[in-house]
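Down below is the structure, laid out as structure tokens.
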2 protein chains.
Amino acid sequence: MAKEKSDNTEIEILNAAKEIFQQKGMDGARMQEIADKAKINKALLHYYYRSKQLLFEAVFKSAFALLAPQLNKVLNDDSDLFDKIRKFTDSYISFVIKHPYLPNFVIQELNKNPEFIQKLRLQENFPSITTFKLQVSDAIEKKIIIPIQAEQLFINIMSLNVFPFIAEPLLTALINVDKKKYNEIIQNRKIDVANFIINAIKI
Amino acid sequence: MAKEKSDNTEIEILNAAKEIFQQKGMDGARMQEIADKAKINKALLHYYYRSKQLLFEAVFKSAFALLAPQLNKVLNDDSDLFDKIRKFTDSYISFVIKHPYLPNFVIQELNKNPEFIQKLRLQENFPSITTFKLQVSDAIEKKIIIPIQAEQLFINIMSLNVFPFIAEPLLTALINVDKKKYNEIIQNRKIDVANFIINAIKI
DNA sequence: ATATTTGTTAACCGAATGGTTAAACCATAT
DNA sequence: ATATGGTTTAACCATTCGGTTAACAAATAT
């Protein structure tokens, strides 16, 4: 069987497509450019993925499959609430350094195509907030944290961790630092953000 | 002079272009679609703005000109620090409701074109963090707030206010609410976010 | 009244783009 | 060795897209 060769090609294509789509988005990406990056003929893209749309969806699902476990660190990890916040904040930054374009890509394409999320919802492993809500209620009852809606807390955690990467070009300009200094600031956030959140909610 | 008529057309074009560009981005927008929305012939777009790129830049600058005063509410308003945080948080939500696609548009296009920010920097009215830094230092000295880098605080304020709009499709799915419920949550944030921030930094 | 400038349009153009086709290639089974 | 099946390519196709042209319309100046 020629399985090995074809498997490789299929993966090469997906990797090339990931890079191009995540950097340029669905509209900005060119099939030819993906083919070039994968070092194959453009017709092969269609042989394996039929259309730009289907190739894009494969990339998108694959991207979300990487992101979901990260989100589950906040939502479904069973450690203590404060620990969880610290762990997530710390690990998310490492994650984004590995996949710099990924979160922005997911958010951006979801904005252009909001109904797309329905397809993801059906997948197993789609993050659910249920456990997190119980945990927050519990911490409020036990007077560990002030009363706060779990949804609001979750949004805050996400905002503080994700936004600085998405808005990097704007923020570097506004706070008037170069990319190097901005990265230092981001590094500091590994600890600072968790403390900021915990400070805001602890009694 | 045919000034009135031409003025109208030029503004019609810009408004149509704003809508299309902000919803679909530079790559997704079509000149024909902009012409249709402005109810004019496609050649007129080029008559007034010469190229798609220049039309886009006009839209982008105009969008940023709307956003800048909002940012200056945090950075250069001379009210008390806590007041400022409350005022910004409250007013930013109203702003985004009026211009739902704007912040995302600016951030997104800056990501695809980071050098673009240089052009904006030269414009007067470009927000500067200098005053805000002094204010934060002052508040720390006076033991009103805990020690925190002004840059970090600014990033936090921006994150908590801007991100929930940018990531709306993702967040509604993750916290499992419909659009109506999500808007209620956003409305609550007008007060909640300011309190969250102040709680996190006050002594 | 008429010439001149400004605004507007229909028709057109060339390049780029997503997608297709038909032939070649190549590993394996017979 | 050769037939078979999947794999890969060069060439091609139809359409879309940004942009141009040339002619027409309308306003203004003389």
Side-chain angles (χ1 to χ4, degrees), chain A residues 1-63 105 108-109 112-113 116 119, chain B residues 1-63 105 108-109 112-113 116 119:
Chain A
M1 279 192 279
K3 254 296 170 62
E4 200 187 339
K5 200 171 186 183
S6 65
D7 269 12
N8 273 343
T9 311
E10 199 168 342
I11 291 168
E12 280 309 309
I13 292 176
L14 197 66
N15 285 336
K18 270 185 197 174
E19 230 175 289
I20 304 291
F21 274 130
Q22 288 183 24
Q23 283 182 46
K24 312 206 165 178
M26 169 68 169
D27 295 327
R30 296 289 154 246
M31 292 297 267
Q32 186 60 58
E33 201 180 354
I34 294 172
D36 290 348
K37 174 143 282 178
K39 284 170 193 151
I40 45 111
N41 185 288
K42 183 161 67 84
L44 259 197
L45 296 181
H46 294 93
Y47 177 76
Y48 282 104
Y49 293 93
R50 283 204 33 212
S51 69
K52 188 184 184 185
Q53 181 65 29
L54 287 176
L55 176 54
F56 173 79
E57 289 183 19
V59 167
F60 189 84
K61 277 178 193 160
S62 152
F105 169 70
Q108 197 50 33
E109 299 299 332
K112 270 185 196 140
N113 233 331
F116 216 84
K119 289 186 190 169
Chain B
M1 278 192 280
K3 255 297 172 60
E4 199 187 338
K5 199 172 185 184
S6 65
D7 269 15
N8 274 340
T9 312
E10 199 169 342
I11 291 168
E12 282 307 310
I13 292 175
L14 197 66
N15 285 335
K18 270 184 198 173
E19 230 175 287
I20 304 291
F21 274 130
Q22 288 184 25
Q23 284 181 45
K24 311 205 166 179
M26 169 67 168
D27 295 329
R30 295 289 154 249
M31 293 298 265
Q32 186 59 59
E33 200 181 355
I34 294 172
D36 290 347
K37 174 143 280 177
K39 284 170 193 152
I40 47 113
N41 185 289
K42 182 161 67 88
L44 260 197
L45 296 181
H46 293 94
Y47 179 76
Y48 282 104
Y49 293 92
R50 283 201 36 211
S51 69
K52 187 184 185 185
Q53 181 65 28
L54 287 176
L55 177 54
F56 173 80
E57 288 182 18
V59 167
F60 190 85
K61 276 178 192 159
S62 152
F105 169 69
Q108 197 49 34
E109 298 300 332
K112 269 184 197 143
N113 233 332
F116 216 83
K119 290 186 189 169

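Residue numbers start from 1 in every chain, and the chains themselves are labelled A, B, ... in the order their sequence lines are given, proteins ahead of strands.
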Look at the side chain of A:His46 and decide which nucleotide, out of C:dT20, D:dG18, C:dT8, has an atom nearest to it. C:dT20
Within the structure provided, determine whether B:Lys112 and B:Asp27 are in side-chain contact (heavy-atom separation under 4.5 Å). yes
Distance in angstrom units between B:Tyr49 OH and C:dG7 C1', rounded: 15 Å
Of the listed nucleotides C:dT9, D:dT8, D:dG19, the one nearest the side chain of B:Lys42: D:dG19
What is the nucleic acid contact for A:Ile40, judged by heavy atoms within less than 4.0 Å: base, sugar-phosphate only, or nothing? sugar-phosphate
Checking A:Lys37 side chain against A:Asn15 main chain: does a donor-acceptor pair fall under 3.5 Å? no
Can you check the A:Leu44 CG to D:dG6 P distance for me, whole Å? 15 Å
Establish, with yes or no, whether the OP1 or OP2 oxygen of D:dG18 is under 4.0 angstrom from a side-chain nitrogen or oxygen of B:Ser51. no
Does A:Lys52 use its side chain to pair, donor to acceptor, with the backbone of A:Ala29 at less than 3.5 Å? yes
Which residue, B:Phe56, B:Phe105, B:Phe60, B:Tyr49, forms the ring-ring contact (aromatic ring centres under 6.0 Å, His included) with B:Phe21? B:Phe56
For the pair made of CD1 in B:Ile11 and C1' in C:dG7, what is the distance, rounded to whole Å? 16 Å
Distance, rounded to the nearest Å, where B:Phe56 contributes CZ and D:dG18 contributes C1': 16 Å
Using atom CD of B:Gln32 as one end and atom P of C:dC12 as the other, report the distance to the nearest whole Å. 16 Å
Between CG of A:Asn41 and P of D:dA10 the distance, given in whole Å, is 6 Å
A:Ala29 near the nucleic acid: base, sugar-phosphate alone, or nothing, with a heavy-atom cut-off under 4.0 Å? sugar-phosphate
For A:Met31 and D:dT15, give me the distance from atom CE to atom C1', rounded to whole Å. 16 Å
Let me spell it out: for each of A:Gln53 and B:Tyr47, pick the nucleotide of DNA chain C with the closest heavy atom. Which residue's pick is nearer the 5' end? B:Tyr47
Looking only at D:dT8, C:dT8, C:dG19, the nucleotide nearest the A:Lys52 side chain is C:dG19
Flag, side chain of A:Glu10 to backbone of A:Tyr48, donor-acceptor distance under 3.5 Å: no
Between A:Arg30 and A:Ala43, just flag the one whose closest nucleotide in DNA chain C comes earlier from the 5' side. A:Arg30
Rounded distance in Å - CG (A:Leu54) to C1' (C:dG18): 13 Å
